[in-house]
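What follows is a set of notes on a single structure, which appears directly below.
By convention here, the first residue in the shown sequence is residue 1. Small disclaimer: the values here were computed from a predicted structure and weren't measured. Atom set for the values below is all heavy atoms of this structure, side chains included, hydrogens, waters and symmetry mates excluded.
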Amino acid sequence: MSHETKCMVQGCENRVHAKGYCRKHYGQIWRKGKIYTQKDAGSSKKMGVKNSHRDDTDRMRALERELRRAEMMYKNVIGFEGRLKWRREIVEVKKEMTRLGMPIPLPETGQATPVGLASSF
């Protein structure tokens with residue numbers, strides 16, 4: 001029985017790692033069940049753009065939740081130090097929202113205000 005020393009994928013000159021494949025191709029089979037082609041690589045770049053937009057949307061939603069939570073805690077916490085902590089949290093979240101160009105919601109009504117008109121504590 002002869003052992004191949006090169007990967008069985010056409011055009012690949014890497015040494016065999018497992019089951020006749022090099023580390024790169026064996027990893028692709030193990031992760032996705034197939035060997036990627038140049039066509040697959042191009043489509044994954046397009047997916048990166050979609051995921052980037054989705055990540056931004058998810059980040060915006062998370063910031064809105066953080067802001068609501070911080071405002072609720074600020075109202076409910078008793079004591080100067082506790083309120084100061086939550087006030088700082090509110091300011092930091094609003095800074096991040098402003099940096100991302102998000103509208104900052106009003107505390108009472110939940111409506112959005114233009115970024116430049118957002119009130120700070």
Side-chain angles (χ1 to χ4, degrees):
M1 185 171 157
S2 66
H3 294 287
E4 291 191 32
T5 58
K6 304 281 182 189
C7 181
M8 71 168 83
V9 174
Q10 185 178 6
C12 182
E13 297 295 321
N14 296 331
R15 291 182 51 213
V16 169
H17 169 67
K19 298 184 179 181
Y21 296 102
C22 64
R23 286 184 182 271
K24 173 184 167 185
H25 292 113
Y26 183 74
Q28 289 175 359
I29 291 171
W30 189 81
R31 284 188 300 274
K32 296 288 184 177
K34 68 178 188 172
I35 295 175
Y36 307 129
T37 62
Q38 291 295 334
K39 182 180 175 183
D40 294 336
S43 66
S44 68
K45 289 179 184 174
K46 291 178 187 173
M47 288 296 288
V49 172
K50 280 187 178 179
N51 289 340
S52 168
H53 175 68
R54 191 176 120 221
D55 292 342
D56 291 345
T57 304
D58 291 343
R59 179 70 179 142
M60 289 178 189
R61 287 182 185 152
L63 285 171
E64 289 171 352
R65 283 192 306 269
E66 284 181 48
L67 182 61
R68 282 194 305 267
R69 180 175 161 263
E71 288 172 342
M72 181 198 66
M73 291 301 292
Y74 178 79
K75 290 176 186 175
N76 295 326
V77 169
I78 298 173
F80 176 76
E81 290 180 15
R83 291 192 82 165
L84 185 60
K85 171 190 169 192
W86 290 109
R87 179 181 287 178
R88 287 181 183 146
E89 180 72 15
I90 290 168
V91 169
E92 289 302 315
V93 171
K94 284 184 177 182
K95 280 183 190 176
E96 182 67 14
M97 291 173 88
T98 303
R99 189 182 70 77
L100 292 174
M102 293 175 54
I104 299 173
L106 294 173
E108 294 83 23
T109 62
Q111 295 177 351
T113 60
V115 175
L117 300 177
S119 63
S120 62
F121 287 83

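Separating the CD atom in Glu71 from the CZ atom in Arg68 is a distance of 9.5 Å, to the nearest 0.5 Å. Note that the CD atom of Gln10 and the CD1 atom of Ile35 stand 11.0 Å from one another [nearest 0.5 Å]. For the atom pair Trp86 CH2 and Lys75 NZ, the distance stands at 14.0 Å (nearest 0.5 Å). Here the CE-CD distance, from Met60 to Glu96, works out to 10.5 Å after rounding to the nearest 0.5 Å. With rounding to the nearest 0.5 Å, the separation of NZ in Lys24 from SG in Cys12 is 6.5 Å.
Smallest separation of non-hydrogen atoms from His25 and Cys7: ND1-SG, 3.5 Å.
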Verify side-chain contact (heavy atoms from CB on, under 4.5 Å) between Leu67 and Ile90, making sure each step is shown before the conclusion. CA-CA 6 Å; Leu67 182 61; Ile90 290 168; 3.9 Å; yes
Using the side-chain contact (heavy atoms from CB on, under 4.5 Å) rule, take Met102 and Glu64 through it: C-alpha gap first, then chi angles, then the decisive distance, then the call. CA-CA 10 Å; Met102 293 175 54; Glu64 289 171 352; 3.9 Å; yes
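Annotation: ring pair (Phe, Tyr, Trp, His ring centres under 6.0 Å) contacts involving residues 5-24, sequence neighbours excluded, comprise His17-Tyr26.
Not counting sequence neighbours, the partners of Arg88 by the side chain to side chain contact (heavy atoms under 4.5 Å, CB included) test are Leu84. For the salt bridge (charged side-chain N to carboxylate O under 4.0 Å, His left out) test, residues two or more places apart in sequence or in another chain that qualify with Glu66 are Arg59. Here Arg31 pairs with nothing under the side-chain hydrogen bond (donor to acceptor under 3.5 Å, both in side chains) rule; sequence neighbours left out. Remark: Arg61 engages no residue in a salt bridge (charged side-chain N to carboxylate O under 4.0 Å, His left out) (not counting sequence neighbours). Remark: Lys95 engages Glu92 in a salt bridge (charged side-chain N to carboxylate O under 4.0 Å, His left out) (not counting sequence neighbours).
In this structure a side-chain-to-backbone donor-acceptor pair under 3.5 Å is missing from Arg15 to Lys6.
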